[in-house]
Amino acid sequence: MPELPEVESVRRSLLPIVGARVERVAVRTRRSLVVPGDPPGGFSRARGDVKPRPVPRGALLDGATIKRLDRHGKQLAIGSGDGRALLIHLGMTGRVEIRDSPRAQTHDHVVWALADGRRVVFNDARRFGGVWALPDTAALHARWNALGPDALTIDASDLRERLRRSARPIKAALLDQAVLAGVGNIYADESLHAARIHPARLASSIRADDAERLAGAIRRILQAAVDAGGSTLRDGTYSDASGAAGSYATRHAAYGRAGEPCTRCDVTLVSDVIAQRTSVWCPRCQRAPRCV
DNA sequence: AATTTCTCCTGCAAGC
DNA sequence: TGCTTGCAGGAGAAAT
């Protein structure tokens, strides 16, 4: 499942399309696309029989030259340089691929045909992801300003300030993109394990020393995962734009390891649902809060 | 206002 | 072998 390291790996692997011109765009699944004027939450979540609006010419960068690739948290922006941008959420199973072959694949939803013959494809089996057509830089800034700071550079005092007034489990707060942008279920469990913090502890109980360990763990783990090209799980769902898998899954200490020994103390890792997400932790290293 | 629950969707694994 | 069932989960909307 793509989180910050996977999205950053996708961004880097897409760099070879900077400078290319988009000749034409094919929308195969309108529901994976949101253009200005679509209902809140995107066309796919509209109630009733809402007729999809046509996609305005140029909204998907057709005719434009790709100038920049940016990322904030788990969101990727492909910009044309004149302010128009494509904002891409990978959701659970979303992929952006550069292909030489024109052959369509199952779950291809949007295809950008470049003037040099390559194709950039948004493919998403589970369709939790999508592409947002943004008309100008203000639209992109509005979306990204609504998110917390990028997790790769979070500092301890900022993190603590953001958690201080929250009566949720720390796990829920870390998954909230308005608190911190980029952490999902894998890296939340990895960071909490490294920082020795129980996932059910109240966010407001995080003290300065906890925040110091947690912010440091988040930055260190995310950077290591970026360096490894992200986490490709056994199901193989994730790979970058060139099809390369990431190797960080071999270094997971908590995620997916319930029932296995803790890498730090050998005690068997346990698992339960916290904040509506399967969570794995070490009952010795990450001490439980009183009422759990 | 803050927090939790519901919902979307498909592929895969386990069980019979 | 082929069916059913359960599970995985990001994040917006709806409910509490």
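Keep in mind it's a predicted model, so treat the numbers as computed, not measured. Keep in mind that the numbers below use all heavy atoms, side chains included, and drop hydrogens, waters and symmetry copies. In what follows, chains carry the letters A, B, and so on, assigned in the order in which the sequence lines appear, proteins first and then strands, with residues in each chain numbered from 1.
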Return the value, rounded to whole Å, for the distance between atom [atom1] of [X] and atom [atom2] of [N].
| X | N | atom1 | atom2 | answer |
| --- | --- | --- | --- | --- |
| A:Leu4 | C:dG10 | CG | C1' | 14 Å |
| A:His107 | B:dT10 | NE2 | C1' | 6 Å |
| A:Tyr255 | C:dA8 | OH | P | 9 Å |
| A:Met92 | B:dC12 | CE | C1' | 12 Å |
| A:Phe128 | C:dA8 | CZ | P | 13 Å |
| A:Leu90 | C:dA11 | CG | P | 10 Å |
| A:Glu3 | C:dA8 | CD | C1' | 13 Å |
| A:Leu202 | B:dA2 | CG | P | 16 Å |

Task: Sequence neighbours excluded - ring-ring contact (aromatic ring centres under 6.0 Å, His included) pairs with any residue from residues 150-170 of chain A - done: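 ring-ring contact (aromatic ring centres under 6.0 Å, His included) check on residues 150-170 of chain A returns no pairs.
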Task: A:Ser166 side chain, from C-beta outward: closest of B:dT3, B:dC8, C:dG10 - done: B:dT3
TODO: For A:His89 and for A:Thr278, locate the closest nucleotide of DNA chain C by heavy-atom distance; then report the residue assigned to the nucleotide nearer the 5' terminus.
DONE: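 Looking at the nearest nucleotide for each, A:Thr278 comes out on the 5' side.
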Open item on the list: If we check salt bridge (Lys or Arg N to Asp or Glu O under 4.0 Å) with A:Asp176, which of these qualifies: A:Lys171, A:Arg168, A:Arg277?
Closed with: A:Arg168
Open item on the list: Should the side chain of A:Arg277 and the base of C:dG10 be counted as holding a donor-acceptor pair, with the cut-off at 3.5 Å?
Closed with: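 Such a pair exists between side chain and base.
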Open item on the list: Ignoring hydrogens and geometry beyond distance, is a side-chain donor-acceptor pair present between A:Ser204 and A:Arg165 at under 3.5 Å?
Closed with: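 Looking only at side-chain atoms, A:Arg165 and A:Ser204 do not form any donor-acceptor pair under 3.5 Å.
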TODO: Would you mind classifying the nucleic acid contact of A:Ala167 as base, sugar-phosphate or nothing, using non-hydrogen atoms under 4.0 angstrom?
DONE: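 The answer is sugar-phosphate, as A:Ala167 gets under 4.0 Å only of primed atoms, P, OP1 or OP2.
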Task: Sugar-phosphate only, base, or nothing, as touched by A:Gln276 at under 4.0 Å among non-hydrogen atoms - done: base
- [ ] Identify, between A:Ala172 and A:Ala125, the residue whose nearest nucleotide on DNA chain B lies closer to the 5' end.
- [x]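 On the 5' side of the pair lies A:Ala172.
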TODO: Examine B:dC9: is either OP1 or OP2 under 4.0 Å from a nitrogen or oxygen in the side chain of A:Thr93? Give yes or no.
DONE: no
- [ ] Using only side-chain N and O atoms of A:Arg127, determine if any of them is under 4.0 Å from OP1 or OP2 of B:dT10.
- [x]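 Checking B:dT10 against A:Arg127, a side-chain N or O does come within under 4.0 Å of OP1 or OP2.
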Task: Pairing residues for A:His193 by the ring-ring contact (aromatic ring centres under 6.0 Å, His included) criterion, not counting sequence neighbours - done: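 Applying ring-ring contact (aromatic ring centres under 6.0 Å, His included) to A:His193 gives none.
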- [ ] Indicate yes or no: does A:Arg219 engage A:Asp150 in a salt bridge with an N to O separation below 4.0 Å.
- [x]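 No, this pair does not count.
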